[in-house]
Amino acid sequence: MKTFSVDVDIEAAPDTVWAVMSDVERWHEWTESITSVKRLDQGPLVVGSRAHVRQPKLRPADFVVTDLVPSREFTWVTHSPGIGATARHAATPMGGRTRATLSVRFEGLFSRAVAWLFGKLTNEYIALEAAGLKKRSEERTST
């Protein structure tokens, strides 16, 4: 099992960060790590929500939300033969600002190989997502 993680402090309220973070179909607007996300169901993000995610240099993947704390965090997972990926997205209140934590954990028979082959790319992508989330959330606060 290998986990990649990044924290970023955002000068915005947790509700603002959550609004950006949970609107997964718009992620491609603020991070280069996402080509597209298509929700496979309707309504707000809830446990069981599904999405088809496309990222540059990676195969498309279908994710399912497995855990959700409303207005604070969600976790979604995807599985392929021999490998699973669990991605967590959290917005923690820090006074008048927010600490966002983004992480990806690889599990399964091929997790070490995938982490070795895609570790650098994974770190780049979560850094891009953290920077984009910060910028988009702070833009919403300043308008």
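The chain is numbered in sequence order, starting from 1.
- Side chain of S137 to backbone of K134: no donor-acceptor contact under 3.5 angstrom is found.
- Follow the hydrophobic side-chain contacts under 4.5 Å out from I126 and you reach L121 in the same cluster.
- Using modelled atom types, one side-chain atom of T78 and one backbone atom of D62 make a donor-acceptor pair closer than 3.5 Å.
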Distance-only donor-acceptor pairs under 3.5 Å for side chains of residues 31-48, two or more places apart:
unit_1 : atom_1 : unit_2 : atom_2 : d
T31    : OG1    : S33    : N      : 3.2
T31    : OG1    : S33    : OG     : 2.8
S33    : OG     : E129   : OE2    : 3.1
R39    : NE     : D41    : OD1    : 3.0
R39    : NH1    : G43    : O      : 3.0
R39    : NH2    : D41    : OD1    : 2.6
R39    : NH2    : G43    : O      : 3.2
R39    : NH2    : S49    : OG     : 3.4
D41    : OD2    : R50    : N      : 2.7

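- In terms of the salt bridge (charged side-chain N to carboxylate O under 4.0 Å, His left out) criterion, residue partners of R99 (sequence neighbours excluded) are, by chain and number, D9.
- Remark: E11 pairs with no residue by the salt bridge (charged side-chain N to carboxylate O under 4.0 Å, His left out) rule, at least two apart or across chains.
- The side-chain contact (heavy atoms from CB on, under 4.5 Å) test applied to A13 returns T16, not counting sequence neighbours.
- Residues satisfying the side-chain contact (heavy atoms from CB on, under 4.5 Å) criterion with S5, sequence neighbours excluded, are T101, S103.
- Contacts of F118 classified as ring-ring contact (aromatic ring centres under 6.0 Å, His included), with partners at least two apart in sequence or in another chain: none.
- Checked against side-chain hydrogen bond (donor to acceptor under 3.5 Å, both in side chains), T3 has no partners two or more places apart in sequence or in another chain.
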*For D15 and R72, run salt bridge (charged side-chain N to carboxylate O under 4.0 Å, His left out): C-alpha distance rounded to whole Å, both residues' side-chain angles, the deciding distance at 0.1 Å, then the answer.*
CA-CA 8 Å; D15 289 343; R72 292 297 175 255; 3.6 Å; yes
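- The side-chain contact (heavy atoms from CB on, under 4.5 Å) search around T86 returns T75, V77, R105, E107, not counting sequence neighbours.
- Clustering ILVMFWY residues whenever any of their side-chain heavy atoms sit less than 4.5 angstrom apart, transitively, puts V53 in a cluster other than the one holding V64.
- The closest donor-acceptor contact from the side chain of T98 to the backbone of M94 lies at 3.5 Å or more, if one exists at all.
- Scanning both residues, A90 and M21, for their nearest heavy atoms gives O-CE, 3.6 Å.
- Residues forming a ring-ring contact (aromatic ring centres under 6.0 Å, His included) with F74 (at least two apart in sequence, or on another chain): W76, H89.
- Considering only residues two or more places apart in sequence or on other chains, H79 meets the side-chain hydrogen bond (donor to acceptor under 3.5 Å, both in side chains) condition with none of them.
- Side-chain contact between Y125 and L58 is present, with at least one heavy-atom pair separated by less than 4.5 Å.
- Partners of R112 under the side-chain hydrogen bond (donor to acceptor under 3.5 Å, both in side chains) rule, at least two apart in sequence or in another chain, do not exist in this structure.
- E73 is linked by a side-chain hydrogen bond (donor to acceptor under 3.5 Å, both in side chains) to R88, counting only residues two or more places apart in sequence or in another chain.
- Nearest heavy-atom pair across V20 and W27 is O-NE1, 3.7 Å.
- Note that the NZ atom of K135 and the CH2 atom of W30 stand 12.5 Å from one another [nearest 0.5 Å].
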